[in-house]
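Proteins get letters first, then strands, A, B, ... in listed order; numbering begins at 1 in each.
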Protein chains: 2
Amino acid sequence: MTTPSSPTRGRPARLSQDRTLQTALDLLDEAGLDALTMRRLADALGVQAGALYRYFATKQDLLTAMAERMVGGVADAAGPRGDGDWSQRVARLARALRTALLAHRDGARVFAGTHSTGPNTLGFADSLVGVLREAGFGDGEAARALYSVANFTVGHTLEEQAALRPGNEEPTDAGVLHEAVMAGTYPHLAAALPALTSTDFTAHFEFGLRLLLDGLRAVQR
Amino acid sequence: MTTPSSPTRGRPARLSQDRTLQTALDLLDEAGLDALTMRRLADALGVQAGALYRYFATKQDLLTAMAERMVGGVADAAGPRGDGDWSQRVARLARALRTALLAHRDGARVFAGTHSTGPNTLGFADSLVGVLREAGFGDGEAARALYSVANFTVGHTLEEQAALRPGNEEPTDAGVLHEAVMAGTYPHLAAALPALTSTDFTAHFEFGLRLLLDGLRAVQR
DNA sequence: ACCTGAACACCGTTCAAGT
DNA sequence: ACCTGAACACCGTTCAAGT
């Protein structure tokens, strides 16, 4: 967590927090979270695994820094005050978070598995809470709305990235669902099967987001 | 995934899928997901690690079976038709899912990391979709509502169990939040800090659930 | 049929020693 | 100051061999 030092004494340092972070994100995109090991990362950096621990105390710290970097700029999606009403601004924040997580392979898994308190993460939270407070929501309501929107978004994106994981064109369980459902059990799943196996994840996400925003409108009233 | 065979030939079998599963859930509760290794589980069963692979082809399969077992009985929370209106019945299903995940250490992480197509998981889905279809929702709406409620519930419980993880009485970042927020950045987080650092996770969950249900009411109209 | 023993190919992390 | 080399204490998984 601590930068090695300030003056350029000794050798010029082939490594740095920034280069390590960038390479880690590249390796994540190429190989996925399960293949992102300290040894492989060190390899990609042309260094031995032990050297990484001068820049990140643990692998968890590295993953946390990756999550923090992933959500850079997401807070800006709220736009300036007056650019749309509160519900449009919250919707933009939620969509920007989902998009940021989708931008990296296993992005949601990395984000959900860490707990960043960096400026990008806190900035997103402050932005969303700010939009709601300025719209007249109470402090407690704004805080709880943040959790609702963030937890839904992360939960959704986790599922979305899991469904498209290996080389599966179709979500893995479309076939399993068909089988199980056609046996006669689960009549309601059978009826809703087209929507359940739809790969239009944006539509699923927008539906849930709309529920939350409509619900917030009802709270405000 | 395949049961070793039917007739009791040879030795009487110290292991079984059921005993392995039960011991795995006990070990999960005692030691947590990170300490749940095939070797430790084998130890708890008085057996060598390799022996487990006669009952579960991979560790993933074991985790999937654990997730499936965790949500046993959750579908019943809907109650019989007529026991409350649709929104109460959906609320009971969501609460039962959260409770089932909270019942095991790292329960949400196990559930989120797997993709069961067993009767408990499918039964829950069928139950929730059924409640909504019987209430007059369209098949597509019912399916998307299932995803919204399930993703929110899993996302919330993931956060809830992460916040209370090690021996932290207080959520880990209450201190970090205080510091970051008092520096003057994040004015909105500062104002909402009491609610943000509240450990009343049931209140947070109920707030989000209410948003979804109010939103569904608006869709129905 | 069921399990052991031993191996294979890895992990995250630490730390004396080199440069 | 920065990195190497080598070790420590593990992993999931496979499979011939025993009983």
A:Arg39 side-chain N/O to C:dA9 phosphate OP1/OP2 under 4.0 Å: no
Rounded distance in Å - CE (A:Met38) to P (D:dA9): 20 Å
For atom CG of A:Leu45 and atom C1' of D:dT4, their distance in whole Å: 15 Å
Minimum-distance nucleotide (side-chain atoms of A:Tyr55 versus D:dC2, D:dG12, C:dG12): D:dC2
Rounded distance (Å) that lies between atom P of D:dC11 and atom CG of B:Asp34: 11 Å
Between P of C:dT13 and CD of A:Gln48, the distance in whole Å: 16 Å
Nearest listed nucleotide, side chain of B:Leu15, among C:dG12, D:dC2, C:dC3: C:dC3
Side-chain donor-acceptor contact under 3.5 Å, B:Glu159 with A:His115: yes
Separation of C:dG12 P from A:Phe56 CZ (nearest whole Å): 15 Å
Listed nucleotide nearest any side-chain atom of A:Thr37, set D:dT4, C:dG12, C:dC2: C:dG12
Which nucleotide in D:dC3, C:dC3, C:dT13 has an atom nearest any side-chain atom of A:Thr58: C:dT13
Gap between atoms CG and P, on A:Asp43 and C:dG12 respectively (whole Å): 12 Å
Spacing between B:Leu52 atom CG and D:dC11 atom C1', to the nearest angstrom: 14 Å
Base-pairing mate for C:dC3 - Watson-Crick or G-U, with both contacts under 3.5 Å: none
Length of the line joining B:Arg40:CZ and D:dA9:C1', which is rounded to integer Å: 11 Å
Counter-base of C:dG12, judged by Watson-Crick or G-U geometry with both distances under 3.5 Å: D:dC8
Cation-aromatic face contact A:Arg98/A:Phe205, 6.0 Å, 45 degrees: yes
C:dC2 OP1/OP2 closer than 4.0 Å to side-chain N/O of B:Tyr53: no
Heavy-atom neighbours of A:Arg210 CZ exceed 12 at 6.0 Å: no
D:dA17 pairs with, by Watson-Crick or G-U criteria that keep both distances under 3.5 Å: none
Nearest-Å distance once atom P is located in both D:dA9 and C:dA9: 23 Å
Closest-nucleotide ordering on DNA chain D, the 5'-leading residue of B:Ala49 and A:Ala49: A:Ala49
SB check B:Arg95 B:Glu206 (cutoff 4.0 Å): yes
Phosphate OP1/OP2 of D:dT4 contacted by A:Arg54 side-chain N/O (<4.0 Å): no
Between A:His104 and A:Asp29: side-chain donor-acceptor atoms closer than 3.5 Å: yes
